[in-house]
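Okay, so here's the structure we're looking at.
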Amino acid sequence: QVDLVESGGGFVEAGGSLRLSCGASGLPFGGYATAWFRRAPGKEREFVAGIDGNGVNIDYADFVKGRFTISRDSAEIMVFLQMNSLKPEDTAVYYCARSTETGLYRTPRQYPYWGQGTQVVVSS
């Protein structure tokens, strides 16, 4: 069993930064695609950023390009999402998700393992 735990969410003013972390017990991230999704109030869950199992291919949703950065530590046991220039519309619960495949996808069904989420609130 793989358990994912996110941390780093909180309250921040517009223009501020937060760094989300995701740790996995049971299996490392190495070799498996990992992604961050978010769900804002009243909206569907959406893809934010992802990194493939080899750590080579990285993908970002258009609405975060240039502001967010996904990374993985060298030990391949943690994945991070650095969020800069935050906007009120970034307010959401952010989820870490891990695939059982190397390839990177934007569809949630490709990720069988999910964390409980961490709340991010950006005030205007």
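Identified under the disulfide bond (SG atoms under 2.5 Å apart) test for residues 46-82, with sequence neighbours left out: none. Sorted by first and then second residue, the disulfide bond (SG atoms under 2.5 Å apart) pairs with a member in residues 29-64 form an empty list; sequence neighbours excluded. Residue pairs meeting the disulfide bond (SG atoms under 2.5 Å apart) criterion with at least one partner in residues 64-124, sequence neighbours excluded, are C22-C96. A side chain to side chain donor-acceptor pair (under 3.5 Å) check over residues 8-22, counting only residues at least two apart or in different chains, returns the pairs S17-N84.
Side-chain heavy atoms closer than 4.5 Å link hydrophobic residues (I, L, V, M, F, W, Y) into clusters, and following such links, possibly through other members, connects V79 to Y60. Residues M78 and I58 fall into different hydrophobic clusters, defined by Ile, Leu, Val, Met, Phe, Trp and Tyr side chains chained together at heavy-atom separations under 4.5 Å. With hydrophobic clusters built from ILVMFWY side chains whose heavy atoms lie under 4.5 angstrom apart, I77 does not share a cluster with Y113. Under the 4.5 Å side-chain heavy-atom criterion for Ile, Leu, Val, Met, Phe, Trp and Tyr, Y94 and F63 are members of the same hydrophobic cluster.
By the side-chain contact (heavy atoms from CB on, under 4.5 Å) test, S71 is found to be paired with F80, residues two or more places apart in sequence or in another chain being considered. Partners of K65 by salt bridge (Lys or Arg N to Asp or Glu O under 4.0 Å), not counting sequence neighbours, listed by chain and number: D62. With sequence neighbours excluded, the residues that form a side-chain contact (heavy atoms from CB on, under 4.5 Å) with V122 are V12, A14, L86, P88, D90, T91, V120. Taking R45 as the reference, F37, R39, P108, W114 meet the side-chain contact (heavy atoms from CB on, under 4.5 Å) condition, with sequence neighbours excluded. Legend: residues meeting salt bridge (Lys or Arg N to Asp or Glu O under 4.0 Å) with E46, ordered by chain and number and at least two apart, are R38. Every residue two or more places apart in sequence or in another chain that forms a side-chain contact (heavy atoms from CB on, under 4.5 Å) with E101 is listed here: S99, Y105, Q110. Judged as a salt bridge (Lys or Arg N to Asp or Glu O under 4.0 Å), and not counting sequence neighbours, the contacts of E76 are R72.
The side-chain heavy atoms of L20 and E6, taken from C-beta on, include no pair separated by under 4.5 Å.
Heavy-atom neighbours of Q116 CD from other residues, nucleotides or ligands within 6.0 Å: at or below the threshold of 12.
Annotation for Y32: hydrophobic cluster partners, listed by chain and number, are none (ILVMFWY side-chain heavy atoms under 4.5 Å, direct or chained).
Between L4 and A24, the shortest heavy-atom distance links the atoms CD2-CB, 3.3 Å.
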